[in-house]
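Inspection log for the structure reproduced underneath, given as structure tokens.
Residue numbers count from 1 along this sequence. Just so you know, these numbers come straight off a predicted model, no measurement behind them.
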Amino acid sequence: MSTPGTGAAARHRLRPDHPAPGLLRGLDPEGHPLYDIQVVSMDGGPVATSRGYAIVPSAGPQALTTAQTVIVPGTRVPGPRSAGTLPDDVRAALASVPADARWVSICTGAFVLAAAGILEGHRATTH
């Protein structure tokens, strides 16, 4: 049985390390995928990267409601990085993730988790 994993992508430019969730495409000892990975955008449309290509998501934010693992990519969006703020739709989408889900952030994705209140009361590091 595979475990759903969802990469949450904002609608703004992403850092080029976003494809890292694809590294989770391993197999268990019986040959079954470890994760069913869905790349998410807020409107279901392509998300531009900072390197000039777009990532085409497989789902909209409704996929987050059943996620068991959420990977938040790095971002260059100033709101979470400098003001600790998120657009209301991104905040609502992240709030829809089940309470028992695992959260992973890549690089500056930690600022998105902090702005969403997900790190409240938890220790976290970034580089």
Side-chain angles (χ1 to χ4, degrees):
M1 182 172 166
S2 62
T3 304
T6 302
R11 65 184 145 195
H12 303 288
R13 291 192 180 272
L14 301 175
R15 292 179 52 88
D17 55 5
H18 177 265
L23 298 175
L24 297 174
R25 290 217 177 262
L27 302 175
D28 69 14
E30 290 81 38
H32 300 104
L34 294 174
Y35 286 89
D36 173 19
I37 299 173
Q38 296 182 44
V39 176
V40 173
S41 73
M42 293 309 301
D43 62 3
V47 179
T49 69
S50 60
R51 298 290 185 193
Y53 61 90
I55 295 171
V56 179
S58 56
Q62 69 281 0
L64 295 173
T65 65
T66 59
Q68 293 178 339
T69 301
V70 177
I71 302 170
V72 179
T75 181
R76 293 188 178 196
V77 176
R81 290 179 65 160
S82 60
T85 60
L86 289 174
D88 290 339
D89 59 345
V90 174
R91 182 180 300 282
L94 296 177
S96 75
V97 173
D100 61 347
R102 289 177 297 272
W103 291 91
V104 177
S105 66
I106 299 170
C107 194
T108 55
F111 296 112
V112 173
L113 296 181
I118 294 161
L119 298 180
E120 194 69 36
H122 299 280
R123 294 174 61 175
T125 62
T126 189
H127 62 87

Heavy-atom side-chain contact between L94 and L86 under 4.5 Å: yes

Qualifying residues under side-chain contact (heavy atoms from CB on, under 4.5 Å), relative to S96, sequence neighbours excluded: L64, T65

Nearest non-hydrogen partners of Q38 and S58, listed with the distance: CA-OG, 3.3 Å

Reported CD1-to-CD1 distance for the pair I37 and I71, which is rounded to 0.5 angstrom: 6.5 Å

Heavy-atom closest pair, residues P57 and G44: CG-O, 3.4 Å

Nearest atoms (heavy-atom pairs only) where M42 meets P61: O-CD, 3.2 Å

Joint hydrophobic cluster, V112 plus I118, side-chain heavy atoms closer than 4.5 Å: yes

Pairwise distance OG(S105) to CG(L119) - rounded to 0.5 angstrom: 7.0 Å

Shortest non-hydrogen separation from T108 to R81 and the atoms involved: CG2-CZ, 3.9 Å

Minimal non-hydrogen separation, P46 against A54, with atom names: CB-CB, 4.0 Å

